[in-house]
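Structure first, then comments.
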Amino acid sequence: MQSKFVLAPLTICSFLVTGAVVASHVLLEPAASGTAESKTRVDAAFGDPMSAEGSVLGMPKTLLMTGVTSTVPDVRTMPVIRAVPWEHQDLGREFRRAGSQLSCSLLEPGIDVIQPLVAPTPGTAGPIGRQTAFSLNLEVDPAAKSTLPRVARGAIESYLESHQLTIQTVYYHTAEGHPFLGPQVRAAFVAVTSPEKTTEAEAMIVASIKELRTLGLYWDQSTALVPEQARTMILAFRYSLDTNIAGTEKSASNHEYELLFLHLLKDSTATAPKLAVFATSNGRNELNLLETCDPVSAQQKSVIAARVRFGEFNRMGMYPANPVVTGVFHQAQLSLPVDSVKALLEGFASGTPRLLSDVLDELSSRGATGNTSELFTTPAQEPSVVAPDAATPEATRTDSANPDGAAK
């Protein structure tokens with residue numbers, strides 16, 4: 001106790017002496033030096049901070065964006081994928097090819113989750129901003145709760161229940177004002193009770209989100225990529241799936257992959273992009289059209305829930321690590337087998353192969369009802385009662401108004 005009384009006055013005295021030295025140094029510093037430093041660091045980037053034009057309100061909107069690279073991606077360097085990698089081996093190869101540089105990254109703590117989009121500048125390509133695509137959460141598998149440390153069990157469950165991840169896409173626009181998807185995908189980790197700003201995530205969350213990677217913009221043409229026409233971006237999520245070993249009570253963890261399709265709808269504009277999100281499940285055997293979200297609302301409902309158990313516990317057995325997924329659940333507007341999607345792409349009913357974007361457009365249009373009963377119905381061919389010359393314009397008009405054949 002005596003040492004505390006001895007050290008306290010010494011600490012206070014040293015603090016006062018340090019403060020006096022710093023204050024005298026600042027007071028004796030020539031004013032011109034401080035002005036020059038201020039102009040070098042601030043004025044060079046934003047103009048004179050004392051003028052109205054150089055104030056925060058006068059700054060270009062793009063400089064106030066967070067989580068968005070202001071430089072428009074070079075078309076030549078944008079990742080492209082020319083076929084959907086449905087099979088495990090193909091998908092694993094594409095995942096490795098994409099590399100960690102195309103992994104989803106977390107926004108820094110304290111960042112606004114929702115930011116207004118930037119209106120396009122005519123004649124110049126630029127960023128539009130980021131918007132929410134969907135939200136997901138982790139929860140402890142009920143069967144694995146007994147394996148949690150008794151002392152930390154409540155804290156672990158409460159942490160997962162009170163937080164979620166909001167996945168956001170980044171948009172850009174061409175010089176003509178057409179929107180397109182940027183290869184960046186960002187994640188906002190938020191508390192459910194205060195989702196307006198991001199919060200710091202635990203290490204296991206940081207590690208898990210890096211397993212979501214952009215494979216590329218889908219472009220199956222032989223010509224060079226045209227970003228505004230490549231309306232679908234394909235992502236893959238790699239995770240450790242817990243599987244039971246036949247004939248035993250043991251389980252094994254194997255790498256599994258699921259696909260996500262971020263699909264920009266045809267009626268999107270640079271001021272109002274519209275996104276449909278598709279996710280596979282059960283080892284890419286099912287395709288789910290996820291429930292839509294309000295991209296301008298911070299309050300989001302999780303549409304993907306992953307049940308996990310933890311492979312180990314660090315820090316004296318109290319800190320969970322190596323989450324292993326035991327099940328994934330979706331809030332979906334509609335679901336159908338991937339084999340059916342492949343049949344649509346191959347033109348099973350029409351006899352003509354269809355574009356992926358057209359199939360996803362049609363599935364999106366059916367999302368409100370969830371009705372997929374007529375997907376493979378070939379329209380009845382009625383005998384023509386008009387002259388051939390007159391039929392062509394009419395057929396062209398019909399196809400143009402409704403190119404995918406879906407009920408509007």
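What's counted below: heavy atoms across the whole structure, side chains too, no hydrogens, waters or symmetry copies.
With a 6.0 Å radius and a threshold of 12 heavy atoms from other residues, nucleotides or ligands, E87 has its CD atom at or below the threshold. Heavy-atom neighbours of E108 CD from other residues, nucleotides or ligands within 6.0 Å: at or below the threshold of 12. With a 6.0 Å radius and a threshold of 12 heavy atoms from other residues, nucleotides or ligands, E157 has its CD atom above the threshold.
We find the CZ-CG distance between F189 and L107 to be 12.5 Å, quoted to the nearest 0.5 Å. Summarising the geometry, atom NZ belonging to K301 is positioned 14.0 Å from atom CG belonging to L136; distances are rounded to the nearest 0.5 Å. A distance of 9.0 Å separates CG of D294 from CD of Q131, quoted to the nearest 0.5 Å. With rounding to the nearest 0.5 Å, the separation of CG in L212 from OH in Y239 is 13.0 Å. Taken to the nearest 0.5 Å, the CD atom of Q168 stands 5.5 Å off from the CD1 atom of I114. Within the model, atoms CG of L355 and CG of L345 stand 9.0 Å from one another, a figure rounded to the nearest 0.5 Å.
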Query raised in the report: Given Y172 and Q184, is the side chain to side chain donor-acceptor pair (under 3.5 Å) satisfied, shown in steps?
Result: CA-CA 11 Å; Y172 294 87; Q184 303 162 278; 2.6 Å; yes

Query raised in the report: Do V185 and M233 pass the side chain to side chain contact (heavy atoms under 4.5 Å, CB included) test, and can you show the C-alpha distance, the side-chain angles, and the key distance before you say yes or no?
Result: CA-CA 10 Å; V185 178; M233 188 162 68; 3.9 Å; yes

**Report entry** Pair L275-L181, side chain to side chain contact (heavy atoms under 4.5 Å, CB included): steps then yes or no
**Finding:** CA-CA 10 Å; L275 195 72; L181 292 160; 4.3 Å; yes

Query raised in the report: Under the side chain to side chain contact (heavy atoms under 4.5 Å, CB included) criterion, do F180 and V72 qualify, and how do the steps go?
Result: CA-CA 11 Å; F180 66 92; V72 179; 4.0 Å; yes

Requested in this report: Any chance you could lay out the side chain to side chain contact (heavy atoms under 4.5 Å, CB included) test for V84 and Y218, step after step, and finish with the verdict?
Outcome: CA-CA 8 Å; V84 181; Y218 181 77; 4.0 Å; yes

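Considering every non-hydrogen atom in both A305 and E139, the closest pair reads CB-OE1, 4.2 Å. In this structure, V68 and G129 approach most closely via the heavy-atom pair CG2-C, 4.1 Å. Taking each heavy atom of P295 and T132 in turn, the nearest pair found is CB-O, 3.9 Å. Heavy atoms only, all atoms of each residue included: A188 and V113 are closest at CB-CG2, 4.1 Å. The minimum heavy-atom distance between Q299 and V192, with the atom names listed, is NE2-O, 3.6 Å. The heavy-atom pair separating P120 from P122 by the smallest distance is O-CD, 3.6 Å.
Counting heavy atoms from C-beta outward, V75 and P227 have side chains that approach closer than 4.5 Å. In this structure the side chain of Q229 reaches within 4.5 angstrom of the side chain of W219, judged on heavy atoms. Proximity of L287 to L363: side-chain heavy atoms (C-beta onward) are separated by under 4.5 Å at one or more points. With contacts defined as side-chain heavy-atom distances shorter than 4.5 Å, the pair L265/S364 qualifies. A 4.5 Å side-chain heavy-atom check between V140 and E161 finds every atom pair outside the cut-off. The shortest distance between side-chain heavy atoms of E312 and N314 falls below 4.5 Å. The closest side-chain heavy-atom distance from H263 to S357 is below 4.5 Å. Side-chain contact between D339 and N285 is absent, with no heavy atoms from C-beta onward closer than 4.5 Å.
T280 places a side-chain N or O within 3.5 Å of a backbone atom of L259 that can act as its donor or acceptor partner. Panel note: side chain R309, backbone T326; no donor-acceptor pair is recorded below 3.5 Å. With hydrogens and angles disregarded, no donor-acceptor distance shorter than 3.5 Å links the side chain of S158 to the backbone of A155. In this structure, E258 contributes its side chain and R284 its backbone to a donor-acceptor pair below 3.5 Å. The main-chain N or O of T124 is never found under 3.5 Å from a side-chain atom of T121 such that the two would form a donor-acceptor pair. In this structure, T198 contributes its side chain and I111 its backbone to a donor-acceptor pair below 3.5 Å. A distance-only check finds no donor-acceptor pair linking the side chain of Q115 to the backbone of D112 [under 3.5 Å]. A donor-acceptor pair under 3.5 Å is absent between the side-chain atoms of S268 and the main chain of P273, judged by distance alone. Judged by distance alone, with hydrogens and angles left aside, the side-chain atoms of S365 form a donor-acceptor pair with the main-chain N or O of E362 at under 3.5 Å. A donor-acceptor pair under 3.5 Å links the side-chain atoms of R213 to the main chain of F95, judged by distance alone.
Side-chain N/O atoms of E228 and T174 include no donor and acceptor closer than 3.5 Å. For the residue pair S135 / T166, a side-chain donor-acceptor distance below 3.5 Å is found, with atom types taken as modelled. No donor-acceptor contact under 3.5 angstrom links the side chains of R130 and T169, judged on distance only. At a cut-off of 3.5 Å, with distance as the only test, no side-chain donor of S281 or E286 sits close to an acceptor on the other residue.
With F310 as the fixed residue, the side chain to side chain contact (heavy atoms under 4.5 Å, CB included) test singles out one of N322, L148, T147: L148.
With respect to E346 and K342, no salt bridge is recorded, no charged nitrogen being found less than 4.0 Å from a carboxylate O.
Between Y159 and H163, the ring planes are tilted. Angles from 30° to 60° get that label.
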